[in-house]
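Since this is a predicted model, take the numbers as computed values, not measurements.
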Amino acid sequence: MADSGPKEVAVIGNTELTSAELDNNIKNTMVEIEKGTSLLRKLEISVAEAEKRTGKNTVNMQEIYTVYLIETRPVDALTEGITPDSLWRRYSEFELLRNYLLVTYPFVVVAPLPEKRAEIVWHKLSADNMDPDFVERRRVGLENFLHRVASHPVLCNDNIFNIFLTEADSRLKAVNAAFRVKNPDGRFTELKHYSDELQTVLSQLLRVRARVADRLYGVYKVHGNYGRVFSEWSAIEKEMGDGLQSAGHHMDAYAASVDDILEEEEHYADQLKEYLFYTDALRAVCRKHELTQFELEMVALDLACKKQQKEELVTGTVRTFSLKGMTSKLFGQETAEQREAKLQVLEQQLKEGEEAVKEKNTESDEFVKTAWVDIERFKDQKDRDLKEALISYAVMQISMCKKGIQVWTNAKECFNKM
C-alpha cells in the first residue's frame, strides 16, 4: 500500500496516532520491557468460533468469506475497567493489525499469522479455504497470534491492539518504504540471511513431511487389503479360519488409524509453519533498520556537501566540476559581501545538519538497542518452541512405529493359535 503520510500512520474509528506518538512508543519500549507486563495476566482472549458469511466486496460482487469471533473476559472478576466483550473479525483485519504493529514497532519481531491459503499440505487435506478443517486450523492459529501479541512485553500495551480486541469499527493503514543502504550493519545483514535460510529449511522440511505423509497414508491403507484377504481366506478354512479372521481385524484397525495419526501430524506442521512465517517478521525488522541507516546516511551526506560548499567559499576553489565553477569563470568571482552572506547561511545549515546527524545517530542506536533485545527474546522463544515441537514429533513417530509392531505382534499371536 502507498505511504499514508507521516502524520496518519494508523487510524481506528476516530483514534489517530501521530508520528510524535509513534516516536513516544519507541522511546518507552525499554520501560515496558522492564515492567514485564502481559495482557494475558488480566484478560482471557480466545477466538471462539468461525462462521461463513456472504456479502458484497469493494467492486459490488457477491463473495463468501469467513469471520472469527474474538471473545475477551477478565481473568479476575474483580478486575476494574475490564468487562466481557466479543466481536467478529475477518482475516484481512488481522493482517491490517499485524501490518500496523510492524510499522509502529519496527524493532519487535512480530508474531506471524497463520497461512491465508492452504499450502504445503499432504494431498488428502483439502486446499479449499472454506474447508472446515482448514478454517479450524486457521482459527487456532489466529488465537495463537493474539496470545503471542498479548503476552509480548511491549505489544500488549498498545492502544490500537486493545481497541482491536474490543471495538468492532476499525480501520488500519499500512506504511511501506523503499531505499538503498551503502553501509549496512553486519549483524542485521546476517540476521536477514539467517531468516532467508530458515525460511528455505522450514519450507523444505514441510514439503518432505507432506511427501512422507502421502506415502504413509498409502502404506497404511494398503494394509486394509491384508484385512480383506485374510477375511476372505478365513471363509474357506476350518482350522485356520478364526486366526485368519482375527488377524484381518487387526489389519483393518491398523489401516483405519492413519487418519488420526496424520491429523496429529498436522498440528506439528502448523507449529513449523508459524516459524516459517516468523521469517517475514525478522526481515521486516531488518528492513526498518536499513531505513533508519539510510536516513542517517542521507543527512550525513547532506552535511558533508554543506562542509565542502563552505570550504569552497572560504578558499575560493572548486574541487569538482559544477555550474557554480563555470559561472565564476565566465562572470567573475562573487563579492566579499555575497560570500559572507552565503557563509552565514551555510553556518546555520551546518548547525542544523550536525543536529540532524546527531538525532539520527541517536535514533539508530536506540533502534539497534531495542531491536536486539527483542531479537534475543525471539531467539530464545524459537529455540524453545522448535525443540519442543521436534521432540514431540519424534515421540509421535516412535509411538506410531510401536503401534505397527504391536499390530504385527497381535497378528503373529493369531497365526500361532491356528
Side-chain angles (χ1 to χ4, degrees), residues 1-11 17-33 95-113 145 148-149 152-161 172-199 275 277-301 356-379 381-382:
M1 296 177 63
D3 194 333
S4 57
K7 293 188 178 180
E8 189 181 12
V9 176
V11 182
L17 285 184
T18 65
S19 58
E21 290 172 326
L22 297 181
D23 291 340
N24 188 55
N25 279 341
I26 297 175
K27 291 178 182 177
N28 292 331
T29 297
M30 296 305 297
V31 176
E32 298 297 347
I33 290 177
E95 287 183 307
L96 292 172
L97 171 65
R98 185 171 183 274
N99 286 339
Y100 157 75
L101 294 175
L102 288 172
V103 171
T104 309
Y105 304 95
F107 46 82
V108 171
V109 183
V110 181
L113 292 169
F145 166 75
R148 293 282 196 191
V149 176
H152 191 280
V154 177
L155 303 182
C156 69
N157 296 300
D158 184 84
N159 185 50
I160 299 296
F161 173 61
L172 294 166
K173 295 183 178 180
V175 177
N176 189 25
F179 45 85
R180 295 174 65 90
V181 176
K182 294 181 180 179
N183 301 303
D185 188 312
R187 291 175 299 172
F188 285 90
T189 301
E190 183 179 348
L191 180 64
K192 185 193 289 186
H193 290 161
Y194 170 75
S195 66
D196 291 338
E197 292 171 356
L198 180 62
Q199 183 183 44
Y275 279 92
F277 303 141
Y278 253 127
T279 58
D280 286 334
L282 286 176
R283 284 192 290 270
V285 174
C286 293
R287 285 194 298 270
K288 176 57 182 177
H289 175 261
E290 289 173 350
L291 174 59
T292 305
Q293 181 66 22
F294 176 76
E295 292 174 345
L296 173 59
E297 290 177 1
M298 289 299 100
V299 295
L301 179 61
V357 170
K358 183 179 178 181
E359 181 182 337
K360 288 298 180 182
N361 262 317
T362 302
E363 180 184 341
S364 179
D365 292 342
E366 185 67 21
F367 176 85
V368 171
K369 180 181 177 182
T370 52
W372 219 251
V373 167
D374 199 66
I375 287 168
E376 292 300 326
R377 177 201 63 80
F378 165 76
K379 288 179 179 178
Q381 171 193 301
K382 170 186 67 70

Side chain to side chain contact (heavy atoms under 4.5 Å, CB included) between Lys382 and Leu198, intermediate numbers included: CA-CA 11 Å; Lys382 170 186 67 70; Leu198 180 62; 4.2 Å; yes
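Under the side chain to side chain donor-acceptor pair (under 3.5 Å) criterion, Asn361 pairs with no residue at all, not counting sequence neighbours. Scanning for side-chain contact (heavy atoms from CB on, under 4.5 Å) contacts around Thr362 gives an empty result, with sequence neighbours left out. For Gln381, the side chain to side chain donor-acceptor pair (under 3.5 Å) partners are Tyr275, Tyr278, Arg377, not counting sequence neighbours. Here Glu376 pairs with Lys379 under the salt bridge (Lys or Arg N to Asp or Glu O under 4.0 Å) rule; sequence neighbours left out. With sequence neighbours left out, Lys192 forms a salt bridge (Lys or Arg N to Asp or Glu O under 4.0 Å) with Glu290. Not counting sequence neighbours, Asp365 has no partner by the side-chain contact (heavy atoms from CB on, under 4.5 Å) test. Contacts of Asp280 classified as side chain to side chain donor-acceptor pair (under 3.5 Å), with partners at least two apart in sequence or in another chain: Arg283.
No side-chain heavy atom of Glu359 sits less than 4.5 Å from a side-chain heavy atom of Val299. Residues Val285 and Phe367 form a side-chain contact, since some pair of their non-hydrogen atoms from C-beta on lies under 4.5 Å apart. Side-chain contact between Leu191 and Leu282: present, with at least one pair of heavy atoms (C-beta onward) separated by less than 4.5 Å. Contact check for Phe107 versus Val373: no side-chain heavy atoms found under the 4.5 Å cut-off. Side-chain contact between Leu97 and Phe161 is present, with heavy atoms from C-beta onward closer than 4.5 Å. Here the side chains of Val149 and Leu101 are in contact, with some heavy-atom distance below 4.5 Å.
Heavy-atom minimum distance, Thr189 versus Pro184: OG1-CB, 3.7 Å. The shortest non-hydrogen separation linking Asn157 to Pro153 is ND2-O, 3.1 Å. The nearest pair of heavy atoms linking Ala281 to Arg98 is CB-NH2, 3.2 Å. The shortest heavy-atom contact between Arg187 and Val368 is NH2-CG1, 3.0 Å.
The structure places CD of Glu297 at 8.0 Å from CZ of Phe294, a figure rounded to the nearest 0.5 Å. Taken to the nearest 0.5 Å, the NE2 atom of His152 stands 11.0 Å off from the CZ atom of Phe378. Here Arg287 contributes atom CZ and Leu102 contributes atom CG; the two are 8.0 Å apart, rounded to the nearest 0.5 Å. Rounded to the nearest 0.5 angstrom, Tyr194 OH and Ile375 CD1 are separated by 11.5 Å. Rounded to the nearest 0.5 angstrom, Leu296 CG and Leu291 CG are separated by 11.5 Å. Here Glu190 contributes atom CD and Cys286 contributes atom SG; the two are 10.5 Å apart, rounded to the nearest 0.5 Å.
Using a 3.5 Å distance cut-off with no hydrogens or angles, the side chains of Asp158 and Tyr100 do pair a donor with an acceptor.
Side chain of Glu295 to backbone of Lys360: no donor-acceptor contact under 3.5 angstrom is found.
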